[in-house]
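Read through the structure below, which is laid out as structure tokens, and then see the notes.
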Number of protein chains: 2
Amino acid sequence: MSPRTPKPSDDAALEGGRRRATINDIARIAGVSKKTVSRVINRSPSLRPETREKIEAVIARYGYAPDPQARGLAFRRSFLIGLIYDNPNPQYVVNMQLGLLDGMRGSGFELVVHPCDRGSTTLVPDIRAFIERQKLFGVVLTPSVSEDEGVAAMLREVGCEYVRVASVAVDEAAHSIITQDRHGGLLAGRHLAELGHRRVGFISGPLTFRSSHERRGGFEDGLAEHGVTLSPEHVAEGAYTFESGLEGAAKLLAMPDRPTAIFAGNDEMAAGVLHAARKAGLSVPEDLSVIGFDDFQIASRVWPPLSTVRAPTREIGRLAAEKLIGQAGDDKRDPADRLPSLVARDSTAAPKP
Amino acid sequence: MSPRTPKPSDDAALEGGRRRATINDIARIAGVSKKTVSRVINRSPSLRPETREKIEAVIARYGYAPDPQARGLAFRRSFLIGLIYDNPNPQYVVNMQLGLLDGMRGSGFELVVHPCDRGSTTLVPDIRAFIERQKLFGVVLTPSVSEDEGVAAMLREVGCEYVRVASVAVDEAAHSIITQDRHGGLLAGRHLAELGHRRVGFISGPLTFRSSHERRGGFEDGLAEHGVTLSPEHVAEGAYTFESGLEGAAKLLAMPDRPTAIFAGNDEMAAGVLHAARKAGLSVPEDLSVIGFDDFQIASRVWPPLSTVRAPTREIGRLAAEKLIGQAGDDKRDPADRLPSLVARDSTAAPKP
DNA sequence: GCCTCGATTGACACCGGTGTCCGCCAGGGT
DNA sequence: ACCCTGGCGGACACCGGTGTCAATCGAGGC
């Protein structure tokens, strides 16, 4: 036994699968230099086909996979992608993660999660430290951090790839995935107007979220198609939380000319609206129609099952990952997949005459 | 301009913060060898205090942080921790992630997420490839993958640190975090029995989950304290899903001697029970008491707000991370934090006489 | 004052890849 | 036959850390 670690070419261990192959093993066995193996890995064009095939055969035989750490060290960049989010909704976060993983599958990248607090005074330096420490290849930002220009400026400065998921184009196309919240709002407005509602209410998300404005704007567009307008008194400012939905609805329902239908900016708030209606002695949908946004699990768990607008979060995540790692390529899927769609359940109906 | 990359000691860029300090910079500036700097980073005991202080001063001055990739390359191990899960509940996943991040904060580790499918025939090789590719420092497994002995055997074989979060001790203490589901079940049983219920039902999770058995066992214990027994006919096998809760409850409620209270193995199924009750024309809690398990958001969103057993998932995650990275140290917190606790809301009441 | 010994510290190789630059080679022009 | 050229492949340094082992140092023992 040598006092040092295994000998430079301990082929027995390699054959037995007890040791992972390195680029040196592959080079030695294929009878080429490690640089040439590196060329195969990196798809360098200047390689004779027979050389490439010979090396690929050895790689396949030993199940060789390059070490991301060593590669990253030489590249001065890791193969990690960060998900930076401050969205408090677990279902959103998980769906986004699943979508990102869909888009990254087989790419050799891994997903590192990094929740943050947009309100923190150290937001930018914190994220920056995270990126520089891990030399992240890129990051995906979701609302509302995705709407923060300070963060975006820092990302450009440190030269980190990034994609911002947002309601509207907040950056160049190469850095944006647009969630078309406005379209979703339109579907909600159209749905209520088509049912015959003329006096409707809206509970918005926090005004610091672009989606709040987009969903409202789209909602008004959808109503306008049928000549219905949203009265400013029938708008309550919420916070995308259950409690804020409850309070907002309590306020709207206490009005003498209370709305016959309420569009809540997300399902959580819509659940709050259902509770408020129950407390006010109103039954849904007979006395009040309610529609939410997101179509998360909660929408079908409450009573009555909630009509809502489905946001294709997972699909959005997939697109974001593909854009980030540059495989956006030929997208053959139906673009409609990326658009919100209406899910009519039992919480909406025509108003009582 | 040299054709090569920046000169070995471009101090101007360093001072200006345009270049991150490396161990070489610190060594040169402190007037020691890089190995000595390495000793400071790794808290080597054989270092004269004044040497250490001198180097620490330089490190602080330049905000130096060692490169995890380079360190990992030399250590043959990354500073990444994997979360391997197949739990479909988003809230569980997110809470677990948050807990893990709590426990990892400041440790220099990062969290990489890896959902998997326990039913897949390539489960073990897939996880193995993930670990070996990234040379993960360690992984945290949650139910139900945490209960898979094939996966555990592989982890021991590859020499990856791991912690299994499970209902019962499935491994040595060093590799286990026990969630005390039995205690949670006991609280549910005791609660219903104390309210006066004598004919109770239970909807279990999948029998492949240990938690299903533990929650049931504890439930029976709690009932037994008050002389109540759980009749086998009043047990339905569910799948921890809303639909399965709906179906299980429909079955139980159709019985001539239907139970006056139902304990559902988790909140999702409890939500299903509420729907089934409504369809059967029973009101909760007057005609039927319902209690769930988890205390996820959904519990307080449904109507009536659900009595349930709170599982301290985030806290469990923190403990798992601390155990994994060996900082379990002096745990001054109240151990009761790790125990499930009863949350009585409005879905349980005394049975009608 | 000289020697021994444990505590410190440093020189150098190495982890597993990539960038740079140079040499070799065959083929085409003259 | 000679030179030039471009394609191909290799030698070597380097990315930023750590392991090994030897050198150095100061103090205590004689």
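Naming convention: chains lettered A, B, ... in sequence-line order (proteins, then strands); numbering from 1 in each chain. Since we're looking at a predicted model, the values are computed, not measured.
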(message) Classify Val32(A) by what it touches in the nucleic acid, base, sugar-phosphate, or nothing, heavy-atom distance under 4.0 Å.
(response) sugar-phosphate
What nucleotide among [options] has an atom nearest to a side-chain atom of [X]?
X	options	value
Arg48(B)	dT18(C), dT9(C), dC8(D)	dT9(C)
Arg39(A)	dT20(C), dT18(D), dT18(C)	dT20(C)
Ser33(B)	dG10(C), dC8(D), dT9(C)	dG10(C)
Ala74(A)	dC15(D), dT9(C), dG17(D)	dC15(D)
Lys35(A)	dC8(D), dG10(D), dG17(C)	dG10(D)
Arg71(A)	dG9(D), dG19(D), dG17(C)	dG17(C)
Ala70(B)	dG16(D), dG9(D), dT18(D)	dG16(D)

Between [X] and [N], does any side-chain N or O lie under 4.0 Å from OP1 or OP2?
X	N	result
Thr36(A)	dG9(D)	no
Asn42(A)	dT18(C)	yes
Ser46(A)	dC8(D)	no
Ser38(A)	dG19(C)	no

Determine whether [X] and [Y] make a side-chain contact, defined as any pair of heavy atoms from C-beta on separated by less than 4.5 Å.
X	Y	answer
Val32(B)	Ile26(B)	no
Val163(B)	His175(B)	no
Val158(A)	Glu132(A)	yes

If I take atom [atom1] in residue [X] and atom [atom2] in nucleotide [N], what distance separates them, rounded to the nearest angstrom?
X	N	atom1	atom2	value
Lys135(B)	dC15(C)	NZ	P	12 Å
Arg19(B)	dG16(D)	CZ	C1'	12 Å
Phe75(B)	dG19(D)	CZ	C1'	10 Å
Asn24(B)	dG17(D)	CG	P	8 Å
Leu47(B)	dT18(D)	CG	C1'	14 Å
Glu50(A)	dC25(C)	CD	C1'	14 Å
Arg20(B)	dC15(D)	CZ	P	15 Å
Leu73(A)	dA13(D)	CG	C1'	13 Å

(message) Using ring centroids (six-membered ring only for Trp), state whether Phe79(A) and Phe137(A) fall under 6.0 Å.
(response) no
(message) Can you say whether a donor on the side chain of Lys34(A) sits under 3.5 Å from an acceptor on the base of dG10(D), or the other way round?
(response) no
(request) Can you check whether any acceptor in the base of dG19(C) is under 3.5 Å from a donor in the side chain of Arg76(A), or vice versa? (result) no
(message) Do Arg20(A) and Tyr64(A) pair up side chain to side chain, a donor and an acceptor below 3.5 Å, judged on atom types alone?
(response) no
(message) Under a 3.5 Å threshold, yes or no: a donor from one side chain and an acceptor from the other, between Arg118(A) and Ser144(A)?
(response) yes
